[in-house]
Amino acid sequence: MTSKNHLFQSCLKIIFGICLFFSANLTWAENEQDAAIQIPVDKLHEALISIMKNADSSSFENRYDVLERVITQQFNTPLISRVILSRYWKSLNEKAQTDFIALFNRLTISTYVSRFDSFDNESFKNISIEPMKQNRFLVKTELIQNDDKPVSFNYIVQNDNEQWKIISVIANGINDLSLKRGEYSSVIKEKGYDALIASLKQKISDLEPKTTQ
Amino acid sequence: MTGSHFLNLSKHLIFISILAMATGCATTQTTDSTADNVDSIEPANRVFFNVNETLDKHLMKPIAETYVDLTPQVVRTGVTNFFDNLKYLNVILNAFLQGKFEQGVNDSLRFVFNSTLGIGGIFDVATNDLRLPKNQEDFGQTLATWGVDEGSYLYLPLMGPNTVRGVTDQVPSTLLNPFFYITSAALFPISALDLINKRANLLEASNLRDEAAIDPYSFTREAFLQQRDFLIYDGNPPVSGYDDIFSDADEESGGVLVIE
């Protein structure tokens, strides 16, 4: 009876050990994945805080360069462009698609540089990561301001060739991807694709200082 | 209720009914675009949008900018608090209608404290000293929580963006505003101040829109509809809603998103 009890206890210990091992591995893997998902968002926030802090001492071009490296690497602009242009994407030839991606990338960077142009001790706070379909994740963060309510900044992140990249930014509930898709679709329908491109070029020109090409 | 008040209410109800009928027919059309489905009366909406934009550019915006130049921020905050407090009974009612009883009680306390200690609502003592934050509820949100479809997008003369569901809020918000029951010439300048102050509070947002938008009409529509969803879900819309926009790309790539 004693040896049976001993055997039973040993079996329980082994089963418990195996469970602990797998659960620890699972938690470790989840933590590893969460950390990897968070990387593009953290890098963007770091760059934004940096250009905000240097807004007075650094030129638009310099701040553009800082952000260009981060946005080009951490945003999946080809996918964003494809989703924004929706059904019009397929009607474009390869060169037109590449040109649109480059133009949209420039618009994104210019917009960020233009908006994040002063610093008042703002900081970003990571809130949570929630799973979506097709291995996409929603990374929830907040921009903490000194004398105002926090602004919700959420990001949709998806894996692209072994690297997690941002595919959408949602500021206080307004999804930039969805907003631009609706807006660009209206412009194409009303005035045509060339008019959209002309408007985007004009918008970039308005955002960039006159000294920038 | 006086005769003129009843007439005003009737006008609101008739106006809403006509809109609901007009847009109700339009939303049955099937199109291949989400925007087409939501904005089924786009031509009319665009006309009203252009009228409002012209009025705003030449009248409301310059007045609001002058108002901002002439009044210190502390005064504008007091004016905003006063008018927000007057309209807060509608927030309280809709919190209860949505089953948010704890929030409804807190909102009631907020109204009582701000109306008394906050001197008619001029000072927001509830947020600053009593940790009773301001909430945003309206009858459109209540109908959404009850499962009523938002209906078509509307751009209304003088009132701006809305939906068929959202415009129904005009009835309770008018009836629950204490000013509705006062008949006095003094209401004209007070209402004008409310309008100017409201426009002044939107100056930053409208400047941002003008800076970002390539088509201000559709930009306003998209931003408004998304902001409404955000409010309906109290800042936490379901994550699954964000997946919809990728459905075409997901299908094309057989479940795995690949960019050539």
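Reminder, nothing fancy here: chain letters follow the sequence lines and each chain counts from 1.
Take F137(A) and apply the ring-ring contact (aromatic ring centres under 6.0 Å, His included) test, not counting sequence neighbours, and it matches W164(A).
Of the atoms belonging to I156(A), it is side-chain heavy atoms, and not backbone ones, that fall under 4.5 Å from chain B. Heavy-atom distances place no part of L231(B) under 4.5 Å from chain A, backbone and side chain included. Residue T111(A): no heavy atom, backbone or side chain, is found under 4.5 Å from chain B. For chain B, the nearby part of E190(A) is the side chain; its heavy atoms alone come within less than 4.5 Å. R228(B) does not touch chain A: none of its heavy atoms, backbone or side chain, sits under 4.5 Å away.
Of all non-hydrogen atoms in N172(A) and Q227(B), the two that sit nearest each other are O-OE1, 3.2 Å. Between G173(A) and Q226(B), the shortest heavy-atom contact is O-OE1, 3.5 Å. S114(A) approaches E211(B) most closely through the heavy-atom pair OG-OE2, 3.4 Å. Nearest heavy-atom pair across R115(A) and A212(B) is NH2-CB, 3.1 Å.
Side-chain contact between K149(A) and K134(B): absent, with no pair of heavy atoms (C-beta onward) separated by less than 4.5 Å. Between L177(A) and F246(B) there is a side-chain heavy-atom pair separated by less than 4.5 Å. Residues S186(A) and R46(B) form a side-chain contact, since some pair of their non-hydrogen atoms from C-beta on lies under 4.5 Å apart.
In the displayed structure, K53(A) atom NZ is contacted under 6.0 Å by at most 12 heavy atoms of other residues, nucleotides or ligands. In K43(A), the NZ atom is not crowded: 12 or fewer heavy atoms of neighbouring residues, nucleotides or ligands sit closer than 6.0 Å. Taking a 6.0 Å sphere around CD of E102(B), one finds it holds 12 or fewer heavy atoms contributed by other residues, nucleotides or ligands. Annotation for Y233(B): atom OH does not count as buried by contact number, only 12 or fewer foreign heavy atoms lying within 6.0 Å. Other residues, nucleotides and ligands contribute at most 12 non-hydrogen atoms within 6.0 Å of the CG atom of N161(A). For Q136(B), the CD atom counts as loosely surrounded, since its 6.0 Å shell holds 12 or fewer non-hydrogen atoms of other residues, nucleotides or ligands.
Salt bridge annotation for R181(A)-E222(B): absent, with no cationic side-chain nitrogen under 4.0 angstrom from a carboxylate oxygen.
Here Y242(B) contributes atom OH and I170(A) contributes atom CD1; the two are 4.0 Å apart, rounded to the nearest 0.5 Å. Taking CD1 from I174(A) and CZ from F219(B), the interatomic distance works out to 7.0 Å, rounded to the nearest 0.5 Å. Residue D206(A) holds its CG atom at 11.0 Å from CG of D210(B), rounded to the nearest 0.5 Å.
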* To do: Please step through side-chain contact (heavy atoms from CB on, under 4.5 Å) for the pair Q134(A) and D243(B), ending with a clear verdict.
  => CA-CA 9 Å; Q134(A) 299 291 347; D243(B) 274 313; 5.9 Å; no
* Applying side-chain contact (heavy atoms from CB on, under 4.5 Å), run through N236(B) and K140(A) and close with a yes or a no. => CA-CA 10 Å; N236(B) 280 305; K140(A) 292 188 168 181; 3.2 Å; yes
* Asked: How far apart are the C-alpha atoms of Q202(A) and I214(B), what are their side-chain angles, what is the distance that settles it, and do they pass the side-chain contact (heavy atoms from CB on, under 4.5 Å) test?
  -> CA-CA 9 Å; Q202(A) 182 58 49; I214(B) 55 167; over 6 Å; no
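Considering only heavy-atom pairs separated by less than 4.5 Å from chain B, the leading option among N175(A), L196(A), V187(A) is N175(A). Of the residues considered (D244(B), V239(B), L225(B), T220(B)), V239(B) shows the highest number of contacts with chain A, using heavy-atom pairs under 4.5 Å.
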